[in-house]
Number of protein chains: 2
Amino acid sequence: MLATIDRLGYRPNRLAQSLATNRTRTIALVISELTNSLYPPVLLGAEAACRAAGYDLLLASAPDVEAERRTIEVLLDKRVDGLILFSSSVLDIDNEHLFRAQRAGPPVVVINRHLPDDAPLDQIRFDHFGGARQATRLLLDLGHRRIAHIAGPSGRFTGRLRRAGYEAALRAAGIEPDRRLLAEGDYSFESGRAALHALWSARPTALFVGGDVMALGALRAARDLGAGVPDDLSLVAFGNPDAVRYAVPGITTIDLPVVEAGRLAAESVLRRAADGRDPTREVRTLATNLLLRETTASFQWREEASEAAPAAGES
Amino acid sequence: MLATIDRLGYRPNRLAQSLATNRTRTIALVISELTNSLYPPVLLGAEAACRAAGYDLLLASAPDVEAERRTIEVLLDKRVDGLILFSSSVLDIDNEHLFRAQRAGPPVVVINRHLPDDAPLDQIRFDHFGGARQATRLLLDLGHRRIAHIAGPSGRFTGRLRRAGYEAALRAAGIEPDRRLLAEGDYSFESGRAALHALWSARPTALFVGGDVMALGALRAARDLGAGVPDDLSLVAFGNPDAVRYAVPGITTIDLPVVEAGRLAAESVLRRAADGRDPTREVRTLATNLLLRETTASFQWREEASEAAPAAGES
DNA sequence: TAGGATTGCTGTACCGGATTAGTAAAGCGG
DNA sequence: CCGCTTTACTAATCCGGTACAGCAATCCTA
């Protein structure tokens, strides 16, 4: 009997099955920029968790909020059993459609999105503040005092939090953040390059860059300026180590646990899909990892001495 | 009446709808490596075409052939109306599952996959041979005679075709390809770097690299070797210009019309989804574009002259 | 104005399974 | 060996729509 079924190549019609059971055994992962190097590992983690639970994972792209709204509608129409969003870090977007989806539809979990702690859905966060503090501390521990920062856009919470972490670390070391040592970029290569050019007159000996691609730009700027890295300038980046993989020298990076984020998000959504409506909400914040590579070195007096005039001391 | 429907937020159950109509108004795009910089534009093109036709586009990942097989099963189970595959360029994979899907299920179209001309599905191809010939001709026209080539893996048809185009261009110019000017890489940065190091003793004045990331590696190698680009070595890459976006100098690249490939693939699959089973098969080959940037320059005698001994002439 | 054609609406049979009720067969203890 | 419970299989109903048939009402033309 079973052999016959197999021989005839029978496959139950999942549409009919889903219509009857009201479950599709499918989770959807909504991503914004396909190019973002953080996605592949997130997908990896989520996919593994889903397969382990016997669920399928579908992907959908949503380049902007409007597309996200549409995409979510489509996925709800397809009756997915769960929704994972890893999208925009923009601050002032309207998230009402997420709440509506979560209310009427399947469980929703967001990764790295700016939502209040008491938002009615599970959240996976990265510790941008702590990571930035970690980066800055490293530079402080190496003896640097004039530590510049190229921040992400202030319209993104990632940019804001990282800057806040940087400033907190400085203050904890008794250093008042210097306006002239701060620049803002837009996460692009060019903005990173321009930022370091602009900062250079303030004579930083170390630099914490709030984004991986911007760090590549800063590295280029250092070469433009004839500044040796790490001899004349120590550099720490924040972001995906894979994105800066081909840079020379290898950039010391604050790494985000993205695979784990994907896994946790999937597990979260799967649990809720199985257990029915559980009103409790989880907000988990994942710690960053420091990946020491070649762009960080102890502060050396010689550079300062070789300059025309030593900068006014600040301590 | 319609207002009431709207106010109550009624949405027809697509599962039931699809079960009854046997159509899901959904196309699936199967991708292998999420990191591949060619995907975003393909997605762009395919998505636009699908939306224009009122279809939804879903994504699914399939890192290897086994995963691809599974993924296709899942998508067939979901009763998608069409399947676009843009996956592996490996030569000796078993494509039987594709044919089976096409036979029993929705129309299938492949982008850049090694299949015989008479395979029972639509194909979108890139003119790897022509593009490589175009690249090599450019270098020939600039006066170069010692043109090296870093080929992709011979286990990939992309690697083979590009190498063939390179050799054809040389022969057409009366130059017999020189074994010592040929190296094979695996499309990785490191292999490109190592390849140019290995080729250097053969004194090339120009280099055609069969892959974008390998070209970055070659560029690095040139710097390792103290060779100025393009002064001492002209360089043309094959692949996605975006992938080498941040390289200095800007790498002259043979560009693939990926957006168009996505669009054509979607249109193809949509047409078949609508028109029913049409036994004719289309194989379309898309021409490449030459993107002139900064790594190509005319051959200058001075370099040869400055060398210890001129290479044995070949023409 | 009658007859045939077009239009509009209602009713019913599916689509392909899951679920549950219903029934027959088998198992069990007394 | 009988009556009751357990197990096995069959039949009916439902999931939420689509599609087509059937019929009444309206329209057109000769």
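The analysis underlying the following values was restricted to heavy atoms, covering all of them including side chains, and did not include hydrogens, waters or symmetry mates. Proteins come first, then strands; the chains are lettered A, B, ... in the order of their sequence lines, and each starts at number 1.
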| query | Does the side chain to side chain donor-acceptor pair (under 3.5 Å) test come out yes or no for B:Ser188 and B:Asp186, once each step is laid out? | reply | CA-CA 5 Å; B:Ser188 74; B:Asp186 61 4; 2.6 Å; yes

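Contacts of B:Arg79 with the nucleic acid, taken as non-hydrogen atoms under 4.0 Å apart, are absent.
To the nearest angstrom, C1' of D:dG17 lies 7 Å from OH of B:Tyr10. One interatomic measurement links the two molecules: CG of A:Asn13 to P of D:dT18, which rounds to 16 Å at whole-angstrom precision. Atom NZ in B:Lys78 sits roughly 15 Å away from atom C1' in C:dG17 (whole-Å rounding). Put simply, CZ on B:Arg14 is 16 Å from P on D:dG16, counting in whole angstrom units. Atom CG of B:Asn22 and atom C1' of C:dG17 are 14 Å apart (whole Å). Rounded to whole angstrom, the span from the CG atom of A:Leu19 across to the C1' atom of D:dC15 amounts to 4 Å. Between B:Arg23 atom CZ and D:dG17 atom C1' there is a gap of 16 Å when expressed in whole angstrom units. Rounded to whole Å, the distance from CG on B:Leu15 to C1' on D:dG17 is 10 Å.
Looking at A:Arg263 and A:Glu267, a side-chain N of the basic residue comes within less than 4.0 Å of a carboxylate O on the acidic one, giving a salt bridge. With respect to the salt-bridge test (charged N to carboxylate O, under 4.0 angstrom), the residues B:Arg103 and B:Glu96 qualify.
Side-chain N/O atoms of A:Ser268 and A:Asp122 include a donor and acceptor closer than 3.5 Å.
Closest to the B:Thr21 side chain, of the nucleotides C:dA18, D:dA19, D:dG16, is D:dA19.
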